Amino acid sequence: MADGNRFFPAPRLILAALLAGVLAGAVAVYVSESGSGNIAPAQVAVGDSRDDAACVAKADRAKTVAAAATGQVAALLPADPPQSLRGLAFNSPDGKPMTLADHAGKTVLLNLWATWCAPCRAEMPALDALQKEMGSDAFEVVAVNVDAGDDTKPKKFLEETGVESLGYYRDSTMALFNDLKTRGLALGLPVTMLIDAEGCLIAHMNGPAEWSSPDAKRLVETALGKAD
């Protein structure tokens, strides 16, 4: 199992990330002493849509799945209450607009990252490893880059960190992050959400985690109903 302490960048890197975030008009990176994000966001607000109503009925399921988040992913919180994220919008790997609804039928681990986010540099290879091992017709790690500007820096970042299995999802407008911030889900980067096959938020986390660990794999198996 990878050492959770590897997520601790040197103080000068944290300062650089914070300054870069300000310059980019983004929020600061969140790093906790546990090696994983554990800052609880504000309680999620639920809309009036039928999709949200159907998701709210999954509150017990959300608690069951989140209870399986231990060790390296123990900071994952159950959605309280679950809500529909089907309308979240970003660009697909081929550059075309899409929403999370396009992943209907597939459990998704949605992660937002940026090149200026120091913890993201440590976390991305772990997400890539999780996708390589567990990605299937039933599960996908959808890592969305939220850098402003063109694709040059994000693609160089992925090359430098050895990422090969993750699809290149993008949102250069910060609209996706701001949507999640409005919902009380995003405090900084990275932010990760576990979403079921119907597009319902089941659990979420602010901050990095070791997603290639056995703890993370057991969590995914639970979300897929393989560990019930």
Side-chain angles (χ1 to χ4, degrees), residues 27 37 39-69 73 75-113 127 130-131 134-146 166-167 169-206 216 219-228:
V27 293
I39 301 175
Q43 187 173 28
V44 175
V46 177
D48 296 326
S49 72
R50 276 183 279 181
D51 285 340
D52 275 336
C55 291
V56 168
K58 299 183 180 185
D60 288 343
R61 176 62 179 166
K63 292 176 182 178
T64 297
V65 173
V73 292
L76 198 75
L77 301 172
D80 183 23
Q83 62 174 293
S84 177
L85 297 184
R86 286 169 50 83
L88 293 183
F90 43 91
N91 287 345
S92 66
D94 62 7
K96 296 180 180 179
M98 66 174 297
T99 66
L100 195 64
D102 292 313
H103 284 84
K106 180 181 292 189
T107 295
V108 167
L109 188 73
L110 179 67
N111 174 275
L112 272 61
W113 64 278
L127 288 165
L130 180 63
Q131 172 62 23
M134 301 198 70
S136 67
D137 291 340
F139 173 76
E140 182 178 355
V141 178
V142 176
V144 183
N145 173 262
V146 296
L166 295 175
Y169 294 94
R170 268 283 264 154
D171 173 38
S172 62
T173 69
M174 286 296 285
L176 175 59
F177 177 86
N178 288 331
D179 186 347
L180 293 171
K181 182 179 179 182
T182 299
R183 294 169 181 263
L185 296 172
L187 299 175
L189 294 179
V191 58
T192 307
M193 287 146 287
L194 185 62
I195 302 160
D196 74 8
E198 285 74 47
C200 296
L201 175 68
I202 297 299
H204 53 100
M205 175 192 296
N206 275 270
L219 171 66
V220 172
E221 289 175 348
T222 299
L224 293 173
K226 295 181 178 180
D228 290 347

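Computed from heavy atoms alone, side chains included, the values below leave out hydrogens, waters and symmetry copies. Please read these numbers as outputs of a predicted model, since none were measured by experiment.
Closest of all the heavy-atom pairs between C55 and P82 is O-CB, 3.2 Å. The minimum heavy-atom distance between R170 and V146, with the atom names listed, is NH1-C, 4.3 Å. The two residues A223 and L194 come nearest to each other via the heavy atoms CB-CD2, 3.8 Å. Between T222 and R61, the shortest heavy-atom contact is O-NH2, 2.8 Å. Heavy-atom minimum distance, M205 versus V73: CE-O, 3.9 Å. The two atoms that bring T99 and G87 nearest to each other are CG2-O, 4.1 Å, heavy atoms only.
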Apply side-chain contact (heavy atoms from CB on, under 4.5 Å) to M193 and V108, showing your working. CA-CA 8 Å; M193 287 146 287; V108 167; over 6 Å; no
Evaluate the side-chain contact (heavy atoms from CB on, under 4.5 Å) criterion for residues L85 and R183: first the C-alpha distance (whole Å), next the side-chain angles of each, then the deciding distance (0.1 Å), finally the verdict. CA-CA 10 Å; L85 297 184; R183 294 169 181 263; 3.4 Å; yes
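For residues 83-107, every residue pair satisfying the salt bridge (charged side-chain N to carboxylate O under 4.0 Å, His left out) rule, not counting sequence neighbours, is listed here: D51-R86, K106-E140.
Not counting sequence neighbours, the partners of F90 by the ring-ring contact (aromatic ring centres under 6.0 Å, His included) test are Y169. Residues forming a salt bridge (Lys or Arg N to Asp or Glu O under 4.0 Å) with K58 (at least two apart in sequence, or on another chain): D196, E198. Residues satisfying the side chain to side chain contact (heavy atoms under 4.5 Å, CB included) criterion with A138, sequence neighbours excluded, are S136, L224. Under the side chain to side chain contact (heavy atoms under 4.5 Å, CB included) criterion, D137 pairs with no residue at all, not counting sequence neighbours. Applying the side-chain hydrogen bond (donor to acceptor under 3.5 Å, both in side chains) criterion to N91, with sequence neighbours excluded, gives no partner residue. D171 meets the salt bridge (Lys or Arg N to Asp or Glu O under 4.0 Å) test with no other residue; sequence neighbours excluded. Looking at residues two or more places apart in sequence or on another chain, you find a side chain to side chain contact (heavy atoms under 4.5 Å, CB included) between L127 and L109, N111, E123, M124, V141, L166, W211.
In this structure, L176 CG and L112 CG are separated by 4.5 Å, a value rounded to the nearest 0.5 Å. For the atom pair CD of E221 and OG1 of T107, the computed distance is 12.5 Å after rounding to the nearest 0.5 Å. Note that the CG atom of L187 and the NZ atom of K181 stand 9.0 Å from one another [nearest 0.5 Å].
In this structure the side chain of L201 reaches within 4.5 angstrom of the side chain of L185, judged on heavy atoms. Looking at L180 and H204, their side chains never come closer than 4.5 Å, going by heavy atoms from C-beta outward.
Checked by atom type and distance alone, the side chain of D52 pairs as donor or acceptor with a backbone atom of S84 at under 3.5 Å.
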